[in-house]
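Start at 1 with the first residue, then count along the sequence. Keep in mind the model is a prediction, meaning the values are calculated, not measured.
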Amino acid sequence: MKTSKEDMVDNLNKLGLLYGGCTFFVTILYTLIQYYSKRGYILGVRLSRKMALSEKVKVLLRKYKLMTLGLGSLSSLAIYFLSFILGEVSLSLAFTVLILVSGLIPLVIFNKKLRILSKEDETLPKVRLVATGLNQDRFLYKKNTYLAYGLILVLILGLGIKIHLAYPSYPQKLAWHSDFSGNITSFTSKSYIKVQSVSILSLIFLVFTMATNYALTNTKLRISPDDPDRSLGNAIKMRRLWTYYCLGLSLLMTLLFQIGLSGFMKRANTRWLIILTIVLIIYALGFPLYIGIRYSIDGSRLATYDNLGYEEDDKYRILGGSIYYNPDDPSFFVEKRIGIGTTINLGTWQGKLIGVLIILSLLGLILAHI
């Protein structure tokens with residue numbers, strides 16, 4: 001029989017391996033980020049086709065990959081050993097910090113080097129076409145989208161009613177946490193708010209996915225000057241595909257919370273919780289990666305035309321091109337050049353507000369763990 005101290009060490013060992021493995025996986029994603037970023041840019045910098053295929057750029061990309069892989073590997077080892085020092089509570093914060101450091105530092109360094117090269121690129125067109133203000137109704141079938149989200153809301157409410165009616169059958173002590181072996185490590189006293197917390201989480205995530213969907217389908221639209229009609233068609237196709245992704249994500253989260261997590265609290269059985277978690281992770285990570293590799297955020301990878309970098313706003317992209325700051329741009333959401341999805345314009349008051357909230361949240365986490 002293992003002592004409680006041995007169980008704790010064993011659990012920290014497994015937790016450290018999990019976070020270390022996740023860190024290394026994210027490192028691989030950072031290393032290969034060019035393969036699922038917006039077409040027409042090299043690590044977020046617009047270059048002509050001739051310069052993009054030059055030996056100088058190839059060397060810089062190789063060095064970027066080596067630095068990212070090296071820092072990420074060190075971060076993976078660091079997070080494993082930190083698991084024994086920090087324990088379970090602070091490990092997620094250390095994981096987040098190391099992920100940001102191992103991915104952002106190489107990106108900032110090599111984005112700057114590529115910007116210097118772009119200034120030497122005499123074949124790079126200096127004026128590109130930017131289209132904005134197009135009718136958003138063209139991007140998705142609004143009635144069908146609202147209906148789909150409405151059906152998910154009905155499902156959440158229906159499962160919430162079912163959980164409410166089953167409240168008397170819940171044990172007085174609800175299963176609350178488990179270790180990696182599936183053994184329950186802590187219980188909590190039964191209450192209506194705790195039993196229905198799964199329904200509350202489902203509703204919160206439904207609002208979150210709807211907001212994400214809105215951001216993805218209402219970003220400032222840019223059209224390639226090489227083939228505007230085809231570029232517009234690809235953008236419309238992709239924004240509909242992102243809508244399907246958000247709907248699927250919301251549905252899976254609802255099932256995870258109100259079936260998997262609810263069943264765990266009631267019967268202390270982790271089977272459905274584990275199955276739904278695995279399915280959700282594969283979907284949440286796999287679908288966007290597939291979109292990025294196959295299509296890109298704006299559908300630019302569907303095209304065969306060249307010179308797809310058509311944004312004359314390098315100076316507004318900071319921290320390796322990962323943050324957009326342009327006070328003269330009224331657009332709140334803009335497409336990412338690097339990676340998948342959208343980002344906010346920190347030059348707007350809405351963007352500043354969200355930035356402040358993020359910083360305050362991080363400070364709160366740090367103070368809570370001191």
From [X] atom [atom1] to [Y] atom [atom2], the distance as rounded to the nearest 0.5 Å:
X: Leu247; Y: Thr145; atom1: CG; atom2: OG1; value: 6.5 Å
X: Leu153; Y: Leu147; atom1: CG; atom2: CG; value: 11.5 Å
X: Ile79; Y: Ile99; atom1: CD1; atom2: CD1; value: 8.0 Å
X: Lys336; Y: Tyr324; atom1: NZ; atom2: OH; value: 15.5 Å
X: Arg294; Y: Leu289; atom1: CZ; atom2: CG; value: 15.0 Å
X: Gln196; Y: Leu201; atom1: CD; atom2: CG; value: 11.0 Å

Which heavy atom in [X] sits nearest to a heavy atom in [Y], and how many Å separate them?
X: Thr23; Y: Gly72; answer: CG2-O, 4.2 Å
X: Gly351; Y: Leu346; answer: O-CD2, 3.1 Å
X: Ile156; Y: Gln258; answer: O-NE2, 3.1 Å
X: Ile318; Y: Arg115; answer: N-NH2, 4.3 Å

Apply the test side-chain contact (heavy atoms from CB on, under 4.5 Å) to residues Phe257 and Ser197: give CA-CA distance (whole Å), side-chain angles for both, the deciding distance (0.1 Å), then the verdict.
CA-CA 9 Å; Phe257 290 139; Ser197 62; over 6 Å; no
Do [X] and [Y] belong to the same hydrophobic cluster, where Ile, Leu, Val, Met, Phe, Trp and Tyr are linked whenever their side-chain heavy atoms lie under 4.5 Å apart, directly or via other members?
X: Phe24; Y: Phe81; answer: no
X: Met51; Y: Leu61; answer: yes
X: Phe205; Y: Leu280; answer: yes
X: Phe25; Y: Tyr19; answer: yes
X: Ile28; Y: Leu98; answer: no

Option passing side chain to side chain contact (heavy atoms under 4.5 Å, CB included) with Val57 (candidates Leu47, Val45, Leu43)
Leu47
Test applied, side chain to side chain contact (heavy atoms under 4.5 Å, CB included); reference residue, Gln350; option that passes from Leu353, Ile354, Thr348
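Of the listed options, the one satisfying the test is Thr348.
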Could you check if a side-chain atom of [X] sits within less than 4.5 angstrom of a side-chain atom of [Y], using non-hydrogen atoms only?
X: Ile338; Y: Tyr41; value: no
X: Tyr244; Y: Leu241; value: yes
X: Leu285; Y: Ile281; value: yes
X: Leu256; Y: Val198; value: no
X: Ile344; Y: Ile323; value: no
X: Val101; Y: Leu71; value: no
X: Leu117; Y: Lys56; value: yes
X: Tyr170; Y: Ile163; value: yes

Ser37 and Gln34: CA distance, side-chain angles, deciding distance, side-chain hydrogen bond (donor to acceptor under 3.5 Å, both in side chains) verdict
CA-CA 5 Å; Ser37 293; Gln34 184 59 37; 5.0 Å; no
Assess the residue pair Leu249 and Thr212 against the criterion (side-chain contact (heavy atoms from CB on, under 4.5 Å)); give the C-alpha distance rounded to whole Å, side-chain angles, the decisive distance to 0.1 Å, and a yes or no.
CA-CA 11 Å; Leu249 191 63; Thr212 302; over 6 Å; no
Show the numbers, then the answer: is there a side-chain hydrogen bond (donor to acceptor under 3.5 Å, both in side chains) between Lys194 and Thr188?
CA-CA 9 Å; Lys194 288 176 181 176; Thr188 187; 2.6 Å; yes
Pairs meeting criterion side-chain hydrogen bond (donor to acceptor under 3.5 Å, both in side chains) with involvement of residues 63-76, two or more places apart:
Tyr35-Lys65
Please assess Tyr295 against Asn234 for the test side-chain hydrogen bond (donor to acceptor under 3.5 Å, both in side chains), listing each intermediate value before the final yes or no.
CA-CA 9 Å; Tyr295 303 106; Asn234 290 341; over 6 Å; no
Between Tyr290 and Tyr36, ring centroids under 6.0 Å:
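That pair fails the under 6.0 Å test.
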Ring centers of Tyr146, Tyr149 separated by less than 6.0 Å:
no
Kindly say whether [Y] contributes a backbone atom to a donor-acceptor pair with the side chain of [X] at under 3.5 angstrom?
X: Gln172; Y: Ser189; result: no
X: Thr209; Y: Leu206; result: yes
X: Asn345; Y: Asn326; result: yes
X: Ser262; Y: Ile259; result: no
X: Thr270; Y: Leu273; result: no
X: Glu335; Y: Lys38; result: no

Does the Lys NZ or Arg CZ of Lys190 fall within the cation-pi geometry relative to Tyr167 - under 6.0 Å from the ring centre and within 45° of the axis?
yes
Other than [X], which residues form its hydrophobic cluster under the rule that side-chain heavy atoms must be closer than 4.5 Å?
X: Ile278; value: Ile274, Ile282
X: Ile200; value: Ile193, Ile204
X: Val59; value: none

Sequence neighbours left out, what passes ring-ring contact (aromatic ring centres under 6.0 Å, His included) with Phe287? Give chain and number order.
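Only Tyr245, Tyr283 meet the ring-ring contact (aromatic ring centres under 6.0 Å, His included) criterion with Phe287.
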Dump the intermediate steps for side-chain contact (heavy atoms from CB on, under 4.5 Å) on Leu276 and Leu261, then the final yes or no.
CA-CA 10 Å; Leu276 288 169; Leu261 189 54; over 6 Å; no
Only pairs at least two apart or in different chains count here, so list each salt bridge (charged side-chain N to carboxylate O under 4.0 Å, His left out) that has a residue in residues 263-274.
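Counting only pairs at least two positions apart or across chains, no salt bridge (charged side-chain N to carboxylate O under 4.0 Å, His left out) contact touches residues 263-274.
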Quick one: do Tyr325 and Arg317 satisfy side-chain contact (heavy atoms from CB on, under 4.5 Å)? Show the steps, please.
CA-CA 6 Å; Tyr325 185 93; Arg317 304 276 177 165; over 6 Å; no
